[in-house]
Engineer: 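For reference, the structure I am asking about is given below.
All values derive from a computational prediction rather than experimental measurement.
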Amino acid sequence: MTTLTTKLTSITHYPRKPRNFLHIFMASLLSFSLLSLFLFLSLSLSLSSSATLRINHQPPTKQEQNPISKPPSFATTTPPGILQACKATRLQDTCVSSLSNANVPQNPTPLQIIQSAISVSDTNLKTAQSMVKSILESSAGNIDRTTAAKNCMEVLNNSQYRITRSAGDALPRGKIKDARAWMSAALLYQYDCSNALKYANDTSLTNQTMSFLDTLMSFSSNALSMIVSYDAFGNDTKSWGPPKTERDGVWELGSGGDFGSELRGGVPSNLTPDVTVCKNGNDNGCYKTVQEAVNTAPDNEWGRRYVISIKEGVYDEIVRVPLEKKNVVFLGDGMGKTVITGSLTAGQPGISTYNTATVGRGGPLDLAGC
């Protein structure tokens, strides 16, 4: 260390002497030797690494040889008939995706596509019923949620009945307008269920059920839209399009030129009472309450009307006509003479707006003169 310091000091204080040729040659030779050693070591490491890679190398897997491609679009996998029919709906992507996964025949007819769309709605309706049942079973002690779930179960049952009528009865018999009416009612009942749960949405299960009901309603809406187009244009699916209403400036025409022209006002003629209700009750061979008379109506009979004559008087009761009681007619003595009144209000324990109707029905019901 002392010698180096002395040399540096010497160089600093005295002029530099010219380098000897031998010194320059020895310095160059040393540099070249160091460079050769560095290259040799680098090449050895490279060869060693390459050999290791060859030893550890595995043949490519089948997945690497054939990488997964993106799933084909609906346009290449969905029958053209479905794509065309779904143009009748407001939710075309939902329509196409649901029918692409459904059991639709090859080269389906428009009617088969509609039946498949209704089947999708029916399948998902059963799932919704199961979810609502779970809500009901988990709501002991919660009056509001229990009431909402019970109402929901009732209206979903009504919805399922109407879907069955639309697909299993009306469409096969060519009763397209009946199918429209049934499917429209089915959709409305699903909305009623969602609306009931909205006021008792305090659990994750309830929230999930409401979200699922939105999906269910989209399926039902699509089926209904296709029925509407089928009613208007038949098998000419190129003319099918989303339904238009009065809001769009479109009024549907009836056979007489105006929508509803086939309807006739007034009380149907030649109605023969099957049973009678009067204030005196059994003294005159009649029932004392309207509900007692309703309970006598036969179940699931479509062949004729069941007429209940309700004599003059004020009947303070809540009347419920079950779904299985078909074509029940209430025939009163006139407005202001035959009166049915009740006093249920929303907000009472276990009572929602849905439950407050004085006369509630699940099946077809005619009111004449009440």
Engineer: Look at the side chain of Gln160 and the backbone N and O of Leu125, then say whether any donor-acceptor pair between them is shorter than 3.5 Å.
Structural biologist: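 It does not hold such a pair.
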
Engineer: For a side chain to side chain donor-acceptor pair (under 3.5 Å) check, start with the C-alpha distance between Tyr287 and Thr296, then their side-chain angles and the critical distance, and finish with the verdict.
Structural biologist: CA-CA 10 Å; Tyr287 292 97; Thr296 66; 4.8 Å; no

Engineer: Scan Arg145, Lys150, Gln208 and name whichever one has a side-chain contact (heavy atoms from CB on, under 4.5 Å) with Ile135.
Structural biologist: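 Among Arg145, Lys150, Gln208, the one that satisfies the side-chain contact (heavy atoms from CB on, under 4.5 Å) with Ile135 is Arg145.
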
Engineer: Rounded at 0.5 Å granularity, tell me how far CD in Glu312 sits from CG in Asp333.
Structural biologist: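 Nearest 0.5 Å value for the CD-CG distance: 6.0 Å.
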
Engineer: Pairs in or reaching into residues 112-177: which pass disulfide (SG to SG under 2.5 Å), with residues at least two apart or in two chains?
Structural biologist: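 Passing the test, one end in residues 112-177: Cys152-Cys193.
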
Engineer: Step through the shown structure and confirm whether more than 12 heavy atoms of other residues, nucleotides or ligands are within 6.0 Å of CG on Asn107.
Structural biologist: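 No, the 6.0 Å shell around CG holds no more than 12 heavy atoms from other groups.
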
Engineer: Identify the residue among Asn151, Val132, Asp192 that makes a side-chain contact (heavy atoms from CB on, under 4.5 Å) with Leu156.
Structural biologist: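 By the side-chain contact (heavy atoms from CB on, under 4.5 Å) criterion, Leu156 pairs with just one of Asn151, Val132, Asp192: Val132.
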
Engineer: For Tyr161, does the OH atom sit with more than 12 other heavy atoms under 6.0 Å from it, leaving out its own atoms?
Structural biologist: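 Counting other residues, nucleotides and ligands, OH of Tyr161 exceeds 12 neighbours.
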
Engineer: Could you please spell out the steps behind the salt bridge (Lys or Arg N to Asp or Glu O under 4.0 Å) verdict for Arg162 and Asp178?
Structural biologist: CA-CA 10 Å; Arg162 281 152 176 78; Asp178 287 352; over 6 Å; no

Engineer: Are there more than 12 heavy atoms of other residues, nucleotides or ligands under 6.0 Å from atom NZ of Lys279?
Structural biologist: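 Yes, the 6.0 Å shell around NZ holds more than 12 heavy atoms from other groups.
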
Engineer: Please, which pairs that meet salt bridge (Lys or Arg N to Asp or Glu O under 4.0 Å) have at least one residue in residues 210-228, sequence neighbours excluded?
Structural biologist: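 Residue pairs passing salt bridge (Lys or Arg N to Asp or Glu O under 4.0 Å), neighbours aside: none found.
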
Engineer: Under 6.0 Å from the CG atom of Asn103, do we count more than 12 heavy atoms belonging to anything else shown?
Structural biologist: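 At most 12 heavy atoms, drawn from other residues, nucleotides or ligands, come within 6.0 Å of this atom.
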
Engineer: Output yes when a side-chain donor or acceptor of Ser97 lies under 3.5 Å from a complementary backbone atom of Thr94, and no otherwise.
Structural biologist: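 Indeed, once roles are kept as given, a pair shorter than 3.5 Å links the two residues.
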
